[in-house]
Amino acid sequence: MLVHSKAGRWAAWALFAVLFLPLFALPLVVVVAASFAGHWSGAFPSDPTTGHYAAAVRGESLQALTTSLVTAVVASLLALVLGTWAALAAARLGRRTKRSLDALFMLPVAVPSVVIGLAVLVAFSRPPLLLNGTSSIVVLAHTVLVTAFAYQSVSAAIVRLDPAYEQAAASLGASPGYVLWRVRLPLLLPSLTAAGGLCFALSMGELSATMMLYPPDWVPLPVRIFTATDRGSLFSGSALAVVLMAATLLVLLAVSRIRTRASYR
Amino acid sequence: MSGIRFESVSVAYGGHTVLDSLDLTVEPGEVMALLGPSGSGKTTALRAVAGFVTPASGRVLIGGRDVTHLPPHKRGIGMVVQQYALFPHMRVKENVAFGLRAHRTPRSGIPGRVAEALEMTGMGAYAERYPRELSGGQQQRVAIARALAIRPGVLLLDEPLSALDAQLRSGMLAELARLHRELPDVSLLYVTHDQVEALTLADRIAVMDRARLQDCGTPQELYRTPRTEFTASFVGNANLLPVTVAERGAVFEGRTLTVGPAGQAPYGIAPGATATLCVRPHLLALGEGPNALRGRITEVQWRGSTHRLYVEVAGHRIKADLPELRETPALGDEVTLHFEPRDAVLLTAGVSHG
Ligand SMILES: Nc1ncnc2c1ncn2[C@@H]1O[C@H](COP(=O)(O)OP(=O)(O)OP(=O)(O)O)[C@@H](O)[C@H]1O
Ligand SMILES: [Mg+2]
């Protein structure tokens, strides 16, 4: 932060606390508190217990966590490959074609995800593409939703890539494929991992499109949280939510470690 | 052994011609400097050889082979650009090995060739470093080593020294000259806007201005006997005086000046024609003598070992570089400058300026 005087720094921290605590931290604190609560009738929860967590990492809840993790990993890897491929191809296009491609990839961001879920449901509910009722339809919908973000962040990184590197590589006799593999992708690696992390986090938290599509044997964690709270089990829902947050954060931390390694190499 | 040949190469960006039918031949093993002011099209000419721009018309030949429509990686060139563009994610030795790997050199031969190229540029001790751990001059050497490792027939250098400070630059100039003595078969096309670099290094200099080739010749020819006003002022930094040719010499603002070896009509120009007299600043001396010019000092610059005086003579501003003067002349002083007849060159007016 570019604040040098002591008073200025205190003011900046105070502003941060005033904005950050009520907006971001407090709801999280409440969820964490609720996840340990046996009762909550007064201002503060009572009867602390870890029972909700014991239930949250067992049986169907554990299965929901694995389902979410598998869905998010597969969807974000697919999105990364598709998005990077599209972004690399788009970078070679003329300005107008590229702009229409950008707009096409913006669609899943601009359209409400319920609509995306409905669209995927309608499109894949009859032969020859009958995916309705399978786990693939959930993965597919997530991929459609997050590819847009992968495409955008990789596109932005490609624009910033100095063409001098690929030209130097070409002048040294490297074919375009070799340049892509040995120079451009390694230089894009930090952006690729960042995009992957973003896709993963978005997919882990996706609820609205998933609600329209999930089959009984493929229930992601957000759906389970929703059904738990819908039933009125607020505390077990909170415990599941904390598990979801923790799992997402752990994976993101691991990804960011790869990223810093890559950019300091 | 391969040379480079431009055959009426024109390049245009969006209808704007930035290289206008360039005809130029770089002989095998020759060092050719492309010299010109900023924006004159030097880099564009180099990129046409490397394959990063496609000429609107004309042909580019490398070693007698038409490469005009060949992609860059099939042209067999080495190139060093201004920003060096070392791959930041690779160690120095991996950078140098890159071209060898891309050419599918047998794996066992690569370390030897890498070491050889690094040794040649004096960077042998830095093989394990990353580019960001090197100084500008060291990065520049690695960039040259990387280009040389593939043993190209032609080496293209685009202002390779412009990011270095003056002292490092003169050191690197000597290094480049030594490298070329060690690799006499490599043709060098060297882009620069610094006349000292061009004069030091080049066998021949091609002078460019406003998208056109203005002049081409050995450094001595261009410096001592320029053929165009642009060459005289850009390469030799000469004073250009408008004159009328007379029977013996040239008339400048009513004064008759003698030019060239005594008694000869200068360069066979007919008397009465208008011409330009070129005389370089350091060939002017203070005091009375042949070809005296009287004027008033308008500016004095002390440059360490020399004084640069700007003297206004009959409405023309004349630059004179004099050995350091013990007493600095004052502004407004009347002084007399003179020059030897053989130190001046007469150019027919109107042939130049592109
Ligand atoms: N990609 C481009 N698109 C449009 N115009 C360009 C492009 N590259 C160069 N030009 C124009 O072409 C002209 C010549 O550029 P070039 O880079 O060849 O100059 P240069 O002689 O190398 O100059 P410098 O000494 O500044 O590097 C300039 O007027 C420049 O603006
Ligand atoms: Mg240039």
Side-chain angles (χ1 to χ4, degrees), chain A residues 80 84 87-89 91-99 153-197 255-265, chain B residues 14 43 46-47 49-53 62 67 70-91 94-105 117 130-133 139 142-158 160 189:
Chain A
L80 208 53
T84 307
L88 286 169
R92 291 263 178 269
L93 295 175
R95 193 176 305 159
R96 201 166 307 162
T97 336
K98 176 162 192 314
R99 208 171 295 157
S153 39
V154 178
S155 254
I158 289 175
V159 170
R160 272 174 311 182
L161 205 60
D162 190 343
Y165 292 120
E166 35 186 305
Q167 295 188 351
S171 81
L172 290 165
S175 62
Y178 194 81
V179 176
L180 178 66
W181 192 243
R182 290 292 313 278
V183 176
R184 297 179 73 202
L185 284 179
L187 290 178
L188 287 173
L189 192 59
S191 314
L192 292 180
T193 53
V255 168
S256 84
R257 284 190 74 95
I258 303 176
R259 187 160 94 223
T260 40
R261 276 247 305 284
S263 52
Y264 277 92
R265 226 171 23 162
Chain B
T43 299
L46 202 78
R47 291 166 64 82
V49 181
F52 298 122
V53 290
I62 297 177
V67 298
L70 227 51
H73 67 278
K74 294 196 174 143
R75 295 195 175 196
I77 47 156
M79 185 168 175
V80 178
V81 292
Q82 204 169 338
Q83 325 86 307
Y84 312 146
L86 295 177
F87 306 127
H89 58 296
M90 295 183 197
R91 290 177 194 278
E94 291 160 345
N95 263 283
V96 178
F98 182 89
L100 298 172
R101 296 230 168 87
H103 278 98
R104 298 177 197 282
T105 312
Y130 283 104
R132 70 193 133 79
E133 298 166 345
Q139 290 185 27
V142 175
I144 292 176
R146 183 175 69 174
L148 286 178
I150 56 173
R151 298 189 183 149
V154 306
L155 186 59
L156 310 174
L157 299 154
D158 191 358
L189 187 57

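Letters A, B, ... are given to chains in the order of the sequence lines, protein chains preceding strands, and every chain is numbered from 1. Treat the numbers as computed from the prediction; the structure is a model and nothing was measured.
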Are any non-hydrogen side-chain atoms of A:Ser171 and B:Arg75 less than 4.5 angstrom apart? no
Would you check if A:Gln167 and B:Arg47 make a side-chain contact, meaning some heavy-atom pair closer than 4.5 Å? yes
Contact class of A:Tyr178 relative to chain B, heavy atoms under 4.5 angstrom: side chain
To the nearest 0.5 Å, how far apart are NE2 in B:His89 and CG in A:Leu189?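 Between atom NE2 of B:His89 and atom CG of A:Leu189 there are 9.5 Å.
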Under a 4.5 Å cutoff for heavy-atom pairs, which residue among A:Ser175, A:Pro163, A:Ala164, A:Ala168 has the most contacts with chain B?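 Sorted descending by pairs with chain B, the first entry is A:Ser175.
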Atom group of B:Ile77 that falls short of 4.5 Å from chain A, counting heavy atoms: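 When you check distances to chain A, atoms from both the backbone and side chain of B:Ile77 fall under 4.5 Å.
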Given that the side chain runs from C-beta out, which part of B:Leu86 has a heavy atom under 4.5 Å from chain A: side chain, backbone, both or neither? backbone
Over all atoms of both residues, closest heavy-atom pair of B:Ala147 and A:Leu172: CA-CD2, 4.1 Å
Looking only at non-hydrogen atoms, find the nearest pair between B:His103 and A:Gly173 and report the distance.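 Reported closest heavy-atom pair: CE1-CA, 3.8 Å.
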Do A:Arg182 and B:Met90 pass the side-chain contact (heavy atoms from CB on, under 4.5 Å) test, and can you show the C-alpha distance, the side-chain angles, and the key distance before you say yes or no? CA-CA 10 Å; A:Arg182 290 292 313 278; B:Met90 295 183 197; 3.6 Å; yes
Could you have a look at B:Gly51, B:Gly99, B:Gly76 and say which one has the most heavy-atom pairs with chain A under 4.5 angstrom? B:Gly99
